[in-house]
Every structure is written in C-alpha cells, then in structure tokens.
Amino acid sequence: MLKEERQQAILNEVDLHNRILLTDIAESLDVSIDTVRRDVKELDTDHKLRKVHGGAISLGFTSNSTRNTNIYALEQKIEIASKAIALLKDGAVIFVDGGTTCLELSRLIPTTIELTCFTLSLAVAMELSSKPNVTVIFIGGRISKDAQIAIGANAIHNLSEITVDYSFIGTGYVDAQYGLTEFDWDIVQLKKSVIKAAKKTVLLCISEKLNSKHRYKTCDINAINTMITELKPEDELLHLFKNNDIRLL
C-alpha cells in the first residue's frame, strides 16, 4: 500500500470514529506501529488530524469557542440531531453525551424550550449555556484532554445519583448482534452509568458505524430504547436492528 493510500485510510478511520489507536490502525493496515506513528505525525503537521498519546483524534472532535467546520458527515449528523429534537418536551430532564453528533443536538435545541440538561462534555455545556431556558448541570470529574469530557470515579458516582428522562448518547461502534462497543475502557464505564441513569436511552449514530464492533462492550443493543440515524427506518441497512426491541427513527 502506498503512503498516500495508507494515510487516507487513517484519515477515514479517524473521521468516522473521532478517535483511533495506533495499534488498531497498524493491525488493520498490516504495517508496523512505527510506520503508522510516522504517518500520523505527518498528518498532524499537515493539520489533517491531531496526534495524541497512543493514537489520533479528528479535528472535528476538538473543542473550540467558535463553530468547527471540520466535522465529518456534518449534514448527516444535523439530520440525526433534528430527529432527536422531536423527542424533547418542556420540563424534561435529559443527559447529552459528548461527541460531534450530540454537539449538533445541543446547537439545535430551541431557545424556547425549558429543559434541565446534565452533561459530561465541556463543549456541550458551553453550547447549552447560551440557551436561556436550559438549566445546565456539568457532571464533574477528571477531564480527558482528548475527548474534552469528565471521566473517572467521581463522574461515575455523580451519575449514580441522578435519573433523567432521556439520555442522548453516541458510540464508537454498534452492531445489531453484539451491541455498543468502544476501545476505551473508561468511556465504557461512563456510558454504562449513563444508561443506568436514564429512563430511556437514545443512540445517535451515523449509518457508517453500523455493523462494527471493538474490544469493550457498553451494552446489548436492546438496552437502547431508540436509535436515530440519518436513514429512513425502513432502510435495508437497519433490517437487522428491527429484530431487536428497539425503536428506529
């Protein structure tokens, strides 16, 4: 594989999943860790992604005070967020996860609706703070510099003490048979706690992530009440998900 092809494959993965591990990319491309590390360093220098310890993150995943125009599949994520807005009702207590799709949801929440919103995400909290009728409660903990969210035991403990009407979450990987998975053990523990804290959990997921899985399991697919993609519910790609006790939007 040529270097240009290899680097494009790296960019495709980091755009789709927001964060990647060097070990995973080296294995999938059948090259050495050192080769992938050099590629990622070059891509970082060219401002196509950001190199972090052991991996890389997409530029769209970084938190800024201004609108980020580097978000992968932005139109699809806006479509997903638009569908999710229909679930919101005045007076609801919700949780909004970190990640680019959840950030689009935060941006689209109408200024007229009254909500109480819990979040672990610095970017989501800042976005929601501009909504005059949304009470924002940040769940504190150790801040992940890569994902810009609170993680760790304190965040998990705080989640155990709340109940929300809806939790809106993202995922790195989702499979109709295997459920939701991630490569980051700490993130899995957080998402498990979020799901336990919610009366209903809504998964926001672009269709490119369907039928994919990774090391650590967050939950079975039927632990999710509703899955929202940019596709129509009758789309063939969602066929396997219809066999589970899950609402598709």
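This chain uses plain numbering: 1 for the first residue, then up along the sequence.
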Side-chain donor-acceptor pair present, Thr135, Thr116, cut-off under 3.5 Å
no
CG/Asp30: more than 12 non-hydrogen atoms of other groups inside 6.0 Å:
no
How about NZ on Lys242, more than 12 heavy atoms from neighbouring residues, nucleotides or ligands closer than 6.0 Å, or not?
yes
Could you tell me if the side chain of Asp175 sits less than 4.5 Å from the side chain of Thr181, heavy atoms only?
no
So, taking the atom named CD1 in Ile151 and the one named CD1 in Ile187, what distance separates them when rounded to the nearest 0.5 Å?
6.0 Å
Can you find a pair of side-chain heavy atoms, one from Phe95 and one from Leu120, that are under 4.5 Å apart?
yes
Does any part of the side chain of Ser207, heavy atoms only, come nearer than 4.5 Å to the side chain of Leu210, both counted from C-beta?
yes
Which value, rounded to the nearest 0.5 Å, describes the distance between Asp39 atom CG and Gln8 atom CD?
12.0 Å
Determine whether Ile94 and Phe118 satisfy the following criterion, side chain to side chain contact (heavy atoms under 4.5 Å, CB included), listing intermediate values before the conclusion.
CA-CA 6 Å; Ile94 66 172; Phe118 290 85; over 6 Å; no
Centre of Tyr178's six-membered ring, under 6.0 Å away, within 45 degrees of the axis: is that where NZ or CZ of Lys213 sits?
yes
From CD1 (Ile20) to CD1 (Ile25), nearest 0.5 Å:
4.0 Å
Taking all non-hydrogen atoms of both residues into account, name the closest pair between Ile206 and Ala73 and its distance.
CD1-CB, 4.3 Å
Transitive ILVMFWY side-chain link Ile149 to Phe138, under 4.5 Å:
no
Using side chain to side chain contact (heavy atoms under 4.5 Å, CB included), reason through Ile169 and Val202 one step at a time and then give a plain yes or no.
CA-CA 6 Å; Ile169 68 170; Val202 181; over 6 Å; no
Please name the pair of heavy atoms, one in Val96 and one in Thr119, separated by the smallest distance, quoted to 0.1 Å.
O-OG1, 2.7 Å
Taking every heavy atom of Val14 against every heavy atom of Ala56, the minimum-distance pair comes out as CG2-O, 3.7 Å
Any residue meeting side-chain hydrogen bond (donor to acceptor under 3.5 Å, both in side chains) with Asp24, in chain and number order, not counting sequence neighbours
His214, Arg215
Taking atom CD of Glu75 as the centre, report whether more than 12 heavy atoms of other residues, nucleotides or ligands fall under 6.0 Å from it.
no
May I ask you to test the Thr23-Ile33 pair for a side-chain heavy-atom distance under 4.5 Å?
yes
Of all heavy-atom pairs linking Ser106 and Val124, the shortest is OG-CG1, 3.3 Å
Measure the spacing between CG of Leu237 and CG of Asn211 and express it to the nearest 0.5 Å.
7.5 Å
Quick one: which of Leu87, Leu105, Leu203 gives a side chain to side chain contact (heavy atoms under 4.5 Å, CB included) with Ile228?
Leu87
Which of these passes side chain to side chain contact (heavy atoms under 4.5 Å, CB included) with Phe168: Thr201, Ile80, Leu88?
Leu88
Would you say CD of Glu236 has more than 12 non-hydrogen atoms from neighbouring residues, nucleotides or ligands within 6.0 angstrom?
no
Quick one: OG1 on Thr229 to CG on Leu249, what's the gap to the nearest 0.5 Å?
9.0 Å
Has Asp235 got a side-chain atom pairing as donor or acceptor with Leu238's backbone, closer than 3.5 angstrom?
no
What heavy-atom pair brings Asp44 and Arg50 nearest, and what distance separates the two atoms?
OD2-CA, 3.3 Å
Return the minimal non-hydrogen interatomic distance between Lys217 and Val188, and the atom names on each side.
O-CG1, 3.3 Å
Is there a path of hydrophobic side-chain contacts, each under 4.5 Å between heavy atoms of I, L, V, M, F, W or Y residues, that connects Leu11 with Val31?
yes
What I'd like to find out is whether the side chain of Ile78 reaches to under 4.5 Å of the side chain of Leu108, using heavy atoms alone.
yes
Hphob cluster co-occupancy, Ile139 + Ile143, side-chain heavy atoms under 4.5 angstrom
no
Run the side-chain hydrogen bond (donor to acceptor under 3.5 Å, both in side chains) test against Asp165 and tell me which residues pass, sequence neighbours left out.
Lys199
Tell me, with the steps shown, if Val40 and Leu22 meet side chain to side chain contact (heavy atoms under 4.5 Å, CB included).
CA-CA 9 Å; Val40 166; Leu22 298 182; 3.7 Å; yes
Please determine whether side chain to side chain contact (heavy atoms under 4.5 Å, CB included) holds for the pair Ile10 and Leu49, giving the CA-CA distance in whole Å, both sets of side-chain angles, and the decisive distance to 0.1 Å.
CA-CA 10 Å; Ile10 292 171; Leu49 52 69; 4.1 Å; yes
Using the side-chain hydrogen bond (donor to acceptor under 3.5 Å, both in side chains) criterion, which residues pair with Asn244? Sequence neighbours excluded.
none
Verify same cluster id: Val136, Leu103 (apolar side-chain graph, 4.5 Å):
yes
Might you confirm whether atom NZ of Lys83 has over 12 heavy atoms from other residues, nucleotides or ligands at distances under 6.0 Å?
yes
So that I can tick it off, tell me whether Lys48 and Glu42 are bridged by a salt bridge, with the cut-off set at under 4.0 angstrom between side-chain N and carboxylate O.
no
For atom NZ of Lys196, is the number of surrounding heavy atoms from other residues, nucleotides or ligands below 6.0 Å larger than 12?
no
Strictly below 4.0 Å, N to O, side chains only: are Asp34 and Arg37 in salt-bridge contact?
yes
Is Ile195 linked to Leu204 within one hydrophobic cluster, defined over Ile, Leu, Val, Met, Phe, Trp and Tyr using a side-chain heavy-atom separation of less than 4.5 Å?
no
Salt-bridged, Lys77 to Glu104, with N to O below 4.0 Å?
no
Whether over 12 other heavy atoms sit under 6.0 Å from Asp245 CG:
no
Please examine the side chains of Pro110 and Ile85, heavy atoms only from C-beta on, and report whether any two atoms are closer than 4.5 Å.
yes
I'd like to know if the side chain of Gln189 pairs up with that of Tyr216 as donor and acceptor (distance under 3.5 Å, no hydrogens or angles considered).
no
If you measure from CG on Asn222 to CG on Asp220, what distance do you get to the nearest 0.5 Å?
5.5 Å
Are the side chains of Tyr173 and Lys209 in touch, meaning some heavy atoms are under 4.5 Å apart?
no
Single hit among Asp97, Thr218, Thr171 for side-chain hydrogen bond (donor to acceptor under 3.5 Å, both in side chains) with Lys191:
Asp97
Using side-chain heavy atoms (C-beta onward) and a distance below 4.5 Å, is Tyr72 in contact with Leu16?
yes
Determine whether Ser121 and Gln148 satisfy the following criterion, side-chain hydrogen bond (donor to acceptor under 3.5 Å, both in side chains), listing intermediate values before the conclusion.
CA-CA 6 Å; Ser121 165; Gln148 295 286 288; over 6 Å; no
